[in-house]
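Heads up: the structure comes next, in structure tokens.
Only a predicted model underlies this, so the values are computations on that prediction, with no experimental measurement involved.
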Amino acid sequence: KAQYLLAGLYYDGQGVPQDDTQAVFWYRKGVEQDDAEAQDALGDMYDSGRGVSRDYAEAALWYRKAAEQGDADAQDSLGNLYYKGQGVPQDDAQAATWFRKAAEQSDTNAQLMLGGSYYWGRGVPQDYAEAYFWLDVVAAGNMNALSAEWTAKYRDKAASFLTPVDLFRQQERARKWFEAHQAKPQ
């Protein structure tokens with residue numbers, strides 16, 4: 001864990017000069033310890049091209065290692081690579097699978113992407129009730145204004161396809177999800 005923390009100091013330039021190459025060096029030391037956070041962070045470095053040449057396939061390799069250990073950030077990032085077809089074959093079903101794993105751990109980007117996947121039927125059967133649920137869950141989170149506007153718009157559009165009974169069921173489901181995850185609906 002110490003290697004991961006030291007890498008983060010180099011990444012941010014806190015207490016040491018900012019140095020992406022040193023950050024990568026120390027993230028690699030962390031991945032030798034099978035540290036999921038270090039694996040995710042090394043994936044981020046390859047995904048962004050910081051401290052290394054951008055390499056989406058290498059990013060996918062490290063995201064997968066962390067994702068398989070249950071790291072929600074890595075699951076979301078791997079889902080995004082599948083969604084875009086970067087470093088892995090484009091595969092909406094794989095994207096939705098990874099988004100779901102991260103969404104169930106309260107990753108707001110994954111919740112947004114999963115809600116959109118259900119709304120448009122990308123990688124999952126089109127299901128406005130599921131779309132409403134995930135978009136309602138993410139709408140209660142902290143988002144920038146543009147994301148909040150988009151989320152509310154498509155959540156409300158999904159609601160327009162539901163019967164009043166189905167809408168009530170999804171609202172109740174979201175309420176229970178919030179209670180279980182200690183969040184409050186807005």
Side-chain angles (χ1 to χ4, degrees), residues 1-117 122-124 134-135 137-144 146-148 151 177-178 180-183:
K1 194 54 97 180
Q3 295 97 342
Y4 168 75
L5 296 173
L6 182 56
L9 295 176
Y10 278 108
Y11 180 86
D12 292 330
Q14 292 182 344
V16 295
Q18 196 284 326
D19 187 333
D20 289 338
T21 303
Q22 280 295 308
V24 169
F25 174 83
W26 289 106
Y27 285 139
R28 286 188 192 286
K29 293 291 186 186
V31 303
E32 290 171 10
Q33 305 295 318
D34 207 29
D35 182 321
E37 289 178 299
Q39 292 165 341
D40 177 49
L42 189 57
D44 287 341
M45 300 302 275
Y46 279 104
D47 198 353
S48 65
R50 285 188 65 176
V52 292
S53 296
R54 177 174 276 164
D55 184 336
Y56 293 120
E58 192 72 12
L61 179 137
W62 293 111
Y63 286 150
R64 181 176 305 283
K65 287 180 181 289
E68 289 174 349
Q69 291 188 64
D71 186 285
D73 288 336
Q75 291 167 341
D76 176 54
S77 295
L78 186 57
N80 277 304
L81 291 181
Y82 275 110
Y83 188 82
K84 298 173 186 172
Q86 294 177 320
V88 293
Q90 198 286 326
D91 186 330
D92 289 336
Q94 278 292 311
T97 295
W98 290 110
F99 289 145
R100 176 173 292 283
K101 290 175 186 287
E104 289 173 349
Q105 295 185 69
S106 302
D107 184 292
T108 55
N109 184 68
Q111 291 166 343
L112 179 66
M113 295 301 291
L114 186 59
S117 295
R122 281 192 69 173
V124 291
W134 286 110
L135 294 174
V137 165
V138 77
N142 294 326
M143 295 185 290
N144 63 44
L146 182 61
S147 293
T151 301
W177 193 92
F178 290 121
H181 293 85
Q182 319 238 327

Open item on the list: If I take atom CZ from residue R122 and atom CE from residue M113, how far apart are they, to the nearest 0.5 angstrom?
Closed with: 7.0 Å
TODO: Kindly compute the distance separating CZ (R50) from CG (D44), expressed to the nearest 0.5 Å.
DONE: 10.0 Å
Task: Test log, rule side chain to side chain contact (heavy atoms under 4.5 Å, CB included), inputs L42 and V52 - done: CA-CA 10 Å; L42 189 57; V52 292; 5.6 Å; no
- [ ] Determine whether W62 and D40 make a side-chain contact, defined as any pair of heavy atoms from C-beta on separated by less than 4.5 Å.
- [x] no
Task: Shortest non-hydrogen contact from Q111 toward S106 - done: NE2-CA, 3.4 Å
Task: Flag side-chain contact, heavy atom, 4.5 Å: Y4 against Q33 - done: no
Open item on the list: Under a 4.0 Å threshold between the charged nitrogen and the carboxylate oxygen, would R28 count as salt-bridged to E32?
Closed with: no
Open item on the list: With rounding to the nearest 0.5 angstrom, report the CD to OH distance, E37 to Y27.
Closed with: 9.5 Å
- [ ] Could you tell me how the ring of W177 sits relative to the ring of W134: parallel (under 30°), tilted (30 to 60°) or perpendicular (over 60°)?
- [x] perpendicular
- [ ] To the nearest 0.5 angstrom, please state how far the OH atom of Y83 sits from the CD atom of Q90.
- [x] 8.5 Å
TODO: Of all the heavy-atom pairs spanning D47 and A59, show the shortest one and how long it is.
DONE: N-CB, 3.6 Å
Task: Residue pair Q39 / L61, side-chain heavy-atom distance below 4.5 Å - done: no
Open item on the list: Quick check for you: to the nearest 0.5 Å, what is the distance between F99 atom CZ and L78 atom CG?
Closed with: 9.0 Å
Task: Minimum side-chain heavy-atom gap N80-N109 below 4.5 Å - done: yes
- [ ] Search all heavy atoms of W98 against all heavy atoms of A67 and return the closest pair with its distance.
- [x] CZ3-CB, 3.5 Å
Task: Polar side chain donor-acceptor pair, D76 to Y63, under 3.5 angstrom - done: no
TODO: To the nearest 0.5 Å, tell me how far L5 CG sits from Q14 CD.
DONE: 11.0 Å
Task: Within-4.5 Å side-chain heavy-atom neighbours: L6 and Y10 - done: yes
Open item on the list: A side-chain contact here means heavy atoms from C-beta on lying under 4.5 Å apart; do V138 and L114 qualify?
Closed with: no
Open item on the list: Using every non-hydrogen atom in the two residues, find where A96 and G123 come nearest and quote the distance to one decimal.
Closed with: CB-O, 4.2 Å
Task: Nearest non-hydrogen partners of A72 and A102, listed with the distance - done: O-CB, 3.4 Å
TODO: Compare every heavy atom of A74 with every heavy atom of A66, then report the nearest pair and how far apart it is.
DONE: CB-CB, 3.5 Å
